[in-house]
Amino acid sequence: MSRMTGSLVFVTWLLAMTTISTEAQKPAVLDTEGRAVRSGVEYYIVPAATDIAGGLTLIDRNNSCPLYVGQEPLAEVVSLGTSVIFTPYAAGETVIRESRDYTITFQAATICIQSTSWRVGQEDPETNRRFVVTAGRASYFTIGKVGTGIYNIAFCPTESCPNCRVRCGNAGILVENGKRLVALDGPAFPFAFRRVRDN
């Protein structure tokens with residue numbers, strides 16, 4: 001190997017290591033008790049303002065499969081929704097960090113007998129927004145900090161598909177026929193992550 005080739009290999013390796021180090025140093029996403037959110041642990045995704053509605057859950061949008069990601073309505077006793085786990089794209093990562101890629105999967109069985117992982121659905125022709133649905137191949141989402149313990153969820157994969165041209169979008173709530181559905185391409189909705197007890 002020539003000296004020039006050796007130097008090029010070293011610089012490439014150094015750049016790769018620097019990128020990995022920078023990604024690992026991104027701040028941890030914190031739960032409602034100020035602890036780092038971890039992969040493989042169950043959490044409820046709840047609104048940052050608790051007087052708006054309940055936590056996220058599976059919603060039957062139109063009496064057929066697949067089920068959609070939606071929000072429990074506001075009730076006298078507010079529901080925390082259905083728990084999820086986050087799975088990092090980066091192998092071996094155990095702490096959920098801001099601006100990294102993760103899949104999100106509800107921990108529930110459904111009558112649809114299909115995956116409960118979140119994925120970005122097709123654009124709705126009436127609203128021009130993309131609903132977040134379950135079933136099929138999971139999409140990678142990211143989490144961005146808004147304030148102390150308050151976060152936005154977005155679809156904008158970078159680690160999992162660095163060369164893809166994707167239409168990024170923040171997750172917000174779209175009310176349709178009284179149902180609160182998670183949809184992209186509109187105002188972002190602030191969420192918090194509440195760890196499920198005893199796990």
Side-chain angles (χ1 to χ4, degrees), residues 8-30 36-43 45 56 58-59 61 65-70 82-108 110 112 114-125 127-146 150-174 181-191 193:
L8 184 58
V9 169
F10 176 74
V11 169
T12 303
W13 175 83
L14 187 60
L15 285 171
M17 291 302 102
T18 301
T19 301
I20 291 169
S21 177
T22 301
E23 293 294 329
Q25 291 174 5
K26 288 185 176 179
V29 174
L30 303 180
V37 173
R38 306 190 72 84
S39 64
V41 175
E42 292 184 42
Y43 294 88
I45 302 178
L56 297 188
L58 292 152
I59 297 285
R61 181 186 177 207
C65 296
L67 297 177
Y68 285 64
V69 178
T82 304
S83 63
V84 303
I85 59 168
F86 300 96
T87 303
Y89 170 76
E93 187 70 66
T94 58
V95 173
I96 304 304
R97 299 186 182 279
E98 297 173 23
S99 305
R100 308 265 331 248
D101 288 2
Y102 308 96
T103 59
I104 306 173
T105 305
F106 282 119
Q107 298 304 286
T110 74
C112 292
Q114 58 194 22
S115 168
T116 54
S117 292
W118 296 18
R119 71 173 174 85
V120 177
Q122 297 296 319
E123 181 179 293
D124 183 81
T127 64
N128 296 320
R129 294 180 68 179
R130 292 169 292 169
F131 290 103
V132 179
V133 299
T134 61
R137 184 176 180 181
S139 299
Y140 283 95
F141 293 85
T142 62
I143 299 170
K145 186 175 182 179
V146 178
I150 303 172
Y151 299 89
N152 287 336
I153 298 172
F155 170 70
C156 199
T158 52
E159 291 178 281
S160 56
C161 197
N163 299 317
C164 292
R165 293 184 179 181
V166 298
R167 180 176 153 202
C168 297
N170 289 313
I173 301 297
L174 178 65
L181 301 164
V182 174
L184 305 178
D185 313 317
F189 189 90
F191 295 103
F193 307 104

Are [X] and [Y] packed together at the side-chain level, in the sense that at least one heavy-atom pair is separated by less than 4.5 angstrom?
{"X": "N128", "Y": "E123", "value": "yes"}
{"X": "P27", "Y": "K145", "value": "no"}
{"X": "R38", "Y": "V95", "value": "yes"}
{"X": "V146", "Y": "Y151", "value": "no"}
{"X": "V182", "Y": "I173", "value": "yes"}
{"X": "T142", "Y": "D101", "value": "yes"}
{"X": "F131", "Y": "I59", "value": "no"}
{"X": "S39", "Y": "T94", "value": "yes"}

Can you see which heavy atom on [X] is nearest to which on [Y], and at what distance?
{"X": "Y43", "Y": "V37", "answer": "OH-CA, 3.4 Å"}
{"X": "A90", "Y": "E159", "answer": "CB-OE2, 4.3 Å"}
{"X": "S117", "Y": "S115", "answer": "N-OG, 3.0 Å"}
{"X": "A135", "Y": "P66", "answer": "CB-CB, 4.0 Å"}
{"X": "T116", "Y": "A108", "answer": "CG2-O, 3.4 Å"}
{"X": "P190", "Y": "I150", "answer": "CB-CG2, 3.6 Å"}

Counting the benzene-type ring for Trp, do Y140 and Y89 have ring centres under 6.0 Å apart? yes
Are F189 and F191 an aromatic pair, judged by ring center distance below 6.0 Å? yes
Expected output: side-chain [X] to main-chain [Y] donor-acceptor under 3.5 Å:
{"X": "S139", "Y": "V120", "value": "yes"}
{"X": "T134", "Y": "L67", "value": "yes"}
{"X": "R129", "Y": "L184", "value": "yes"}

Would E42 and I85 satisfy side chain to side chain contact (heavy atoms under 4.5 Å, CB included), going step by step from the backbone distance to the final call? CA-CA 5 Å; E42 292 184 42; I85 59 168; 3.8 Å; yes
Interatomic distance, F86 atom CZ to I96 atom CD1 [nearest 0.5 angstrom]: 7.0 Å
Interatomic distance, CD@E93 vs CZ@R100, rounded to 0.5 Å, equals 5.0 Å
Step by step, would you call L58 with T110 a side chain to side chain contact (heavy atoms under 4.5 Å, CB included)? CA-CA 9 Å; L58 292 152; T110 74; 3.6 Å; yes
Which is it for Y102 and V29 under the side chain to side chain contact (heavy atoms under 4.5 Å, CB included) test, yes or no, and what are the steps along the way? CA-CA 12 Å; Y102 308 96; V29 174; 5.8 Å; no
Show your working on salt bridge (charged side-chain N to carboxylate O under 4.0 Å, His left out) between R130 and D185 and close with a plain yes or no. CA-CA 7 Å; R130 292 169 292 169; D185 313 317; 2.7 Å; yes
Set out, in order, the CA-CA distance, both residues' side-chain angles and the distance that settles side chain to side chain contact (heavy atoms under 4.5 Å, CB included) for F193 and I45, then state yes or no. CA-CA 5 Å; F193 307 104; I45 302 178; 3.9 Å; yes
